[in-house]
Amino acid sequence: MSDNPVFAKIQSEIDENPVLLFMKGNPMFPQCGFSAAVVGALTQMQVKFKGIDVLQDGEIREGIKAFSNWPTIPQLYVKGEFIGGSDIVREMYETGELQKMFDDKGIEYKAV
Amino acid sequence: MAMDAAHIESLIKEALPDAEVHIEDLRGDGDHYAARVISKEFIGKSRVQQHQMVYNALQGRMGGELHALGLQTSAPDA
């Protein structure tokens, strides 16, 4: 891993939170439609997750893009694995792959 | 900051010569597009990898010059 100091901060958040969403705003008040879409899917499935508001921390906002080689926010991580941004999460939600991935990773959710 | 659809398409085709690219301008502001990209290069790749290939084709413009690009990628039907 590169020596970017913020990577360690990001990695520890990813390790400590089974379902982690780097987003704009917070789960109660998403500040961007794409972030709100992912929050919506997770909330509908009653998945416990942590939201990190990248608007509060410029270092994380840029660092996470380099960390995952993904240029936009939001970014969803489940059990340490980068799942994708808003498009991919929505597509997986619609095809049932999101539910299957949660099953595979032992994440509790309410079947919708 | 904005990009036009033709420029997006040419960048994607430069990196993925066989790609079939359909671009839709969502708001007419040059900042919000949706794109469907079909290419043999995506075979065996995860969705994240496929999208990263398209973002790399845009040479760093994604998230900066181009605010939103709704992506749908797939390999051609065998």
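Naming: A, B, ... by sequence-line order, numbering from 1 per chain.
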(message) For the CD atom on Gln31(A), are there more than 12 heavy atoms of other groups (residues, nucleotides or ligands in this structure) within a distance under 6.0 Å?
(response)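 Yes, because the 6.0 Å sphere around CD of Gln31(A) holds more than 12 heavy atoms from other groups.
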
(message) Around atom NZ of Lys105(A), are there more than 12 heavy atoms from other residues, nucleotides or ligands closer than 6.0 Å?
(response) yes

(request) For the pair Val48(B) and Ile83(A), evaluate side-chain contact (heavy atoms from CB on, under 4.5 Å) and give the outcome as yes or no after the intermediate values. (result) CA-CA 7 Å; Val48(B) 168; Ile83(A) 302 303; over 6 Å; no

(message) Counting only non-hydrogen atoms closer than 4.5 Å, does Leu69(B) touch chain A with its backbone (N, CA, C, O), its side chain (CB onward), both, or neither?
(response)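 Backbone only.
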
(message) Using a 3.5 Å distance criterion without hydrogens, assess whether the side chain of Gln72(B) forms a donor-acceptor pair with backbone atoms of Asp87(A).
(response) no

(request) Keeping the roles fixed (side chain from Gln52(B), backbone from Trp70(A)), state whether a donor-acceptor pair exists under 3.5 Å. (result) no

Separation of [Y] [atom2] from [X] [atom1] (nearest 0.5 Å):
X: Leu71(B); Y: Glu91(A); atom1: CG; atom2: CD; value: 9.5 Å
X: Tyr55(B); Y: Asn69(A); atom1: OH; atom2: CG; value: 11.0 Å
X: Met92(A); Y: Arg47(B); atom1: CE; atom2: CZ; value: 6.5 Å

Are [X] and [Y] connected in the hydrophobic side-chain network, where two residues link if heavy atoms are under 4.5 Å apart?
X: Phe42(B); Y: Ile38(B); result: no
X: Ile52(A); Y: Leu55(A); result: no
X: Phe82(A); Y: Phe102(A); result: yes
X: Tyr109(A); Y: Leu76(A); result: yes
X: Val19(A); Y: Ile10(A); result: yes

(request) Please say which of His51(B), Met62(B), His67(B) ends up in a side chain to side chain contact (heavy atoms under 4.5 Å, CB included) with Thr72(A). (result)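 For Thr72(A), the side chain to side chain contact (heavy atoms under 4.5 Å, CB included) check succeeds only for Met62(B).
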
(request) Please state whether the side chain, the backbone, both or neither of Glu81(A) comes within less than 4.5 Å of a heavy atom of chain B. (result) neither

(request) Using non-hydrogen atoms and a 4.5 Å limit, figure out which bit of Ser68(A) sits close to chain B: side chain, backbone, both or neither. (result)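 Contact with chain B involves the backbone of Ser68(A) alone.
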
